[in-house]
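Here the structure comes first, spelled out in structure tokens, and everything after it is commentary.
Atoms within each ligand, like the ligands themselves, are counted from 1 in listed order. One is the number of the first residue; the rest follow in order along the sequence. Just the heavy atoms: all of them, side chains too, but no hydrogens, waters or symmetry mates, feed the values below.
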Amino acid sequence: MLNIGLFYSFRSLKTRKIAERIEECFGAGRLEAVDAETVTPEDFMRFDRFILGVPTWFDGELPIYWDEFVPALKELELTGRKFAIFGLGDQKGYPENFGDAVGIMADILTGRNAEVIGETSVEGYAFESSRALKNGKFTGLILDQENQPRLTEERVQDWVEQLKKDFE
Ligand SMILES: Cc1cc2nc3c(=O)[nH]c(=O)nc-3n(C[C@H](O)[C@H](O)[C@H](O)COP(=O)(O)O)c2cc1C
């Protein structure tokens with residue numbers, strides 16, 4: 001397996017818990033965790049495979065820490081690099097912006113010629129609209145700890161199995 005960077009906010013509560021579970025599912029030593037709160041372009045360019053934790057904040061926006069990195073990200077040349085994005089959201093509280101940040105991040109990355117992998121089915125979710133929807137699927141994994149916490153473990157496990165193949 002190639003070098004995979006797992007980027008998320010070490011200070012987040014819910015996202016961090018999921019990121020740690022993803023790490024466990026991959027197996028010890030398979031991923032390298034990097035704090036998205038202090039990420040630099042140099043951190044990014046050390047990897048050719050990425051998992052990004054991007055929860056949705058502020059009614060359909062990126063969290064502050066990712067937003068601060070966007071100007072630098074938009075300068076990077078990411079051709080040939082593969083990204084998988086997971087994000088927490090709240091489909092009942094924010095049905096019109098469910099998991100939007102996953103789609104916002106995917107658009108930025110594909111705009112830099114990166115490949116975004118790890119799409120998932122919308123089955124089992126109930127929401128009105130989402131920027132994460134691309135051709136009828138989520139362009140990543142969206143988890144809803146507010147309304148569907150008991151579905152998270154299986155969703156994470158299935159996604160990690162998919163990534164193990166798609167990252168090859
Ligand atoms: C002020 C606020 C705005 C939010 N806006 C959205 C939103 O637009 N879409 C969504 O799916 N979830 C939204 N959420 C839900 C968060 O994504 C969810 O609580 C998530 O678990 C936060 O993860 P974190 O604590 O790791 O940052 C919002 C939560 C808060 C408190």
Side-chain angles (χ1 to χ4, degrees), residues 4-26 30-40 43-44 47 49-74 83-111 114 116-160 162-163:
I4 303 174
L6 171 64
F7 290 75
Y8 64 95
S9 163
F10 288 9
R11 284 199 296 165
S12 64
L13 299 175
K14 296 179 184 164
T15 299
R16 178 184 184 150
K17 206 170 148 219
I18 303 296
E20 288 171 352
R21 188 69 196 117
I22 288 172
E23 228 175 336
E24 283 168 11
C25 289
F26 259 93
R30 306 295 287 277
L31 307 181
E32 185 180 333
V34 180
D35 191 354
E37 303 263 357
T38 53
V39 61
T40 63
D43 291 328
F44 241 62
F47 299 93
R49 303 286 184 267
F50 304 76
I51 300 173
L52 307 185
V54 188
T56 302
W57 286 15
F58 310 125
D59 297 354
E61 302 289 340
L62 292 172
I64 293 170
Y65 51 89
W66 276 123
D67 209 35
E68 285 173 351
F69 185 57
V70 167
L73 188 54
K74 285 185 171 167
F83 289 77
I85 309 167
F86 74 94
L88 281 69
D90 173 352
Q91 61 199 294
K92 277 202 184 134
Y94 304 89
E96 292 172 4
N97 301 96
F98 181 49
D100 273 3
V102 168
I104 293 169
M105 182 58 87
D107 288 344
I108 293 167
L109 295 169
T110 52
V116 175
I117 62 153
E119 65 178 19
T120 59
S121 169
V122 297
E123 219 172 290
Y125 299 85
F127 60 97
E128 283 165 37
S129 57
S130 172
R131 282 191 65 179
L133 261 188
K134 312 275 179 201
N135 304 317
K137 292 201 156 199
F138 288 131
T139 185
L141 174 67
I142 303 187
L143 301 165
D144 187 338
Q145 294 300 84
E146 263 77 26
N147 306 294
Q148 299 180 323
R150 270 166 294 166
L151 299 182
T152 292
E153 176 61 21
E154 191 182 352
R155 284 172 173 167
V156 168
Q157 284 185 14
D158 288 351
W159 196 60
V160 167
Q162 183 182 336
L163 296 190

Pro55 heavy atoms within 4.0 Å reach ligand 1 at atoms 23 (O), 27 (O)
Gly99 heavy atom under 4.0 Å from ligand 1
yes
Around atom 17 (O) of ligand 1, find the nearest protein heavy atom and jot down its residue, atom name and distance.
Thr56 O, 2.7 Å
What atoms in ligand 1 come closer than 4.0 Å to a heavy atom of Asp59?
3 (C), 5 (N), 8 (O)
For atom 21 (O) of ligand 1, what's the nearest protein heavy atom and its distance?
Lys14 CD, 3.3 Å
Correct closest heavy-atom pair for Ser9 and Ser12 would be O-OG, 2.7 Å
Has the side chain of Arg131 got a donor or acceptor atom that lies under 3.5 Å from a matching backbone atom of Ile104?
no
Would you mind checking which non-hydrogen protein atom is closest to atom 15 (C) of ligand 1, with the distance to 0.1 Å?
Asp90 CB, 3.8 Å
I need the nearest protein heavy-atom contact for atom 8 (O) of ligand 1: residue, atom name and distance, please.
Gly60 N, 2.6 Å
Between Thr56 (side chain) and Ala101 (backbone), is there a donor-acceptor pair under 3.5 Å?
yes
What I'd like to find out is whether the side chain of Phe86 reaches to under 4.5 Å of the side chain of Val54, using heavy atoms alone.
no
Should you measure from each heavy atom of Glu146, which atoms of ligand 1 turn up under 4.0 Å away?
18 (C), 19 (O), 21 (O)
Under the criterion side chain to side chain donor-acceptor pair (under 3.5 Å), which of Asn97, Asn147, Asp144 is the partner of Gln91?
Asp144
Show the atoms of ligand 1 that are less than 4.0 angstrom away from any heavy atom in Thr15.
23 (O), 24 (P), 26 (O)
Which of the numbered atoms in ligand 1 are under 4.0 angstrom from any heavy atom belonging to Phe58?
3 (C), 4 (C), 5 (N)
Give me the ring orientation class for Phe44 and Phe69: parallel if the planes are under 30° apart, tilted from 30 to 60°, perpendicular past 60°.
tilted
Should you measure from each heavy atom of Trp57, which atoms of ligand 1 turn up under 4.0 Å away?
5 (N), 27 (O)
Measure from atom 3 (C) of ligand 1 to every heavy atom in Tyr94, Tyr65, Tyr8 and give the option owning the shortest one.
Tyr94
Check the side chains of Gln145 and Thr152 for a donor-acceptor pair under 3.5 angstrom, ignoring hydrogens and angles.
yes
Counting N and O atoms only, with roles assigned by atom type, does the side chain of Tyr94 sit under 3.5 Å from a partner on the main chain of Gly99, one being a donor and the other an acceptor?
no
Find all atoms of ligand 1 within a distance of less than 4.0 Å from any non-hydrogen atom belonging to Leu88, and give their numbers and elements.
17 (O), 20 (C), 21 (O)
Under the 6.0 Å and 45° cation-pi test, does Arg155 pair with Tyr125?
yes
Going by the atom numbers of ligand 1, which of them fall below 4.0 Å from some non-hydrogen atom of Asn97?
7 (C), 8 (O), 9 (N), 10 (C), 11 (O)
